[in-house]
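Let me begin by presenting the structure, written as structure tokens, before commenting on it.
In this text the structure is predicted, and so the values were computed from the model without any measurement. If you read the sequence from its start, that first residue is 1, and numbering goes on from there.
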Amino acid sequence: MAVLTVEVVYALPEREESARVAVQSGATVRDVLAKSGLLHLVRGKVGIFGKVVREDTPVADGDRVGIYRPLAVDPKEARRARAATYTSRSRRAGSARSPSRAPRRR
């Protein structure tokens, strides 16, 4: 069997963990994580080159396995909060209308 070299990465805002491991062909993402010593960091999803995969997915030579952190805020809720802030600001502005939105004079 051939030997594959795979990189495992995990990033935090202030630091990064990474490891290169050599595994036999046919190894899965879980095998690579266990051999890298970073399996304890898995709290949610993992992926290969940014695409989410299951832990039983086989790896190929040169793959980069990423360990993803859970989201701090739901993206939909964050957008709603930004939209609410924007709407409330534009209502307070009141008379400050752009020229294209000003009423036409006839």
Side-chain angles (χ1 to χ4, degrees):
M1 295 187 108
V3 175
L4 311 174
T5 303
V6 180
E7 183 177 18
V8 180
V9 294
Y10 177 72
L12 292 170
E14 65 278 353
R15 67 181 171 86
E16 176 186 314
E17 298 279 335
S18 67
R20 283 195 183 272
V21 294
V23 293
Q24 296 295 321
S25 62
T28 63
V29 170
R30 183 175 249 319
D31 298 334
V32 170
L33 292 170
K35 190 162 184 182
S36 72
L38 300 176
L39 182 60
H40 68 281
L41 297 173
V42 177
R43 303 257 189 283
K45 298 179 180 183
V46 294
I48 298 175
F49 288 118
K51 182 180 177 191
V52 176
V53 297
R54 294 174 24 166
E55 289 186 13
D56 61 354
T57 303
V59 295
D61 191 38
D63 278 353
R64 186 181 66 232
V65 175
I67 302 170
Y68 305 131
R69 295 175 289 157
L71 295 174
V73 178
D74 178 31
K76 288 182 182 179
E77 290 302 319
R79 186 188 178 290
R80 284 186 190 113
R82 285 192 310 272
T85 302
Y86 177 76
T87 302
S88 65
R89 273 194 236 149
S90 65
R91 285 184 184 155
R92 276 186 269 147
S95 62
R97 299 181 102 178
S98 69
S100 64
R101 302 287 295 179
R104 292 184 180 179
R105 295 184 185 195
R106 294 182 185 193

Query - Test side chain to side chain contact (heavy atoms under 4.5 Å, CB included) applied to Val3 - qualifying residues, sequence neighbours left out - result: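 Testing Val3 for side chain to side chain contact (heavy atoms under 4.5 Å, CB included), a comparison that skips the adjacent residues, returns Ala22, Gln24.
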Report task. List in chain and number order the residues that pass side chain to side chain contact (heavy atoms under 4.5 Å, CB included) with Asp56, two or more places apart in sequence or in another chain; answer none if no residue qualifies. Result ->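 Counting only residues at least two positions away or on another chain, Asp56 forms a side chain to side chain contact (heavy atoms under 4.5 Å, CB included) with Arg54.
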Query raised in the report: salt bridge (charged side-chain N to carboxylate O under 4.0 Å, His left out) with Glu14: which residues, sequence neighbours excluded?
Result: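 Here no residue qualifies.
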Query raised in the report: What residues form a side chain to side chain donor-acceptor pair (under 3.5 Å) with Glu7, not counting sequence neighbours?
Result: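 Counting only residues at least two positions away or on another chain, Glu7 forms no side chain to side chain donor-acceptor pair (under 3.5 Å).
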Residue pair [X] / [Y]: nearest heavy atoms and the distance that separates them:
| X | Y | value |
| --- | --- | --- |
| Val73 | Ala78 | CG1-CB, 4.0 Å |
| Val23 | Lys35 | CG1-CD, 3.9 Å |
| Ala60 | Val6 | O-CG2, 3.8 Å |

Report task. Sorted by first residue and then second, give each side-chain hydrogen bond (donor to acceptor under 3.5 Å, both in side chains) pair with at least one member in residues 61-76; sequence neighbours left out. Result ->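 For residues 61-76: none.
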Donor-acceptor pairs are to be reported for all side-chain atoms of residues 37-53 against protein atoms at under 3.5 Å, with residues two or more places apart or in another chain.
{"residue": "His40", "atom": "ND1", "partner": "Gly37", "partner atom": "O", "Å": "3.1"}
{"residue": "Arg43", "atom": "NH1", "partner": "His40", "partner atom": "O", "Å": "2.9"}

Query raised in the report: So how far is it from Arg20 CZ to Thr5 OG1, rounded to the nearest 0.5 Å?
Result: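 Those atoms lie 7.5 Å apart.
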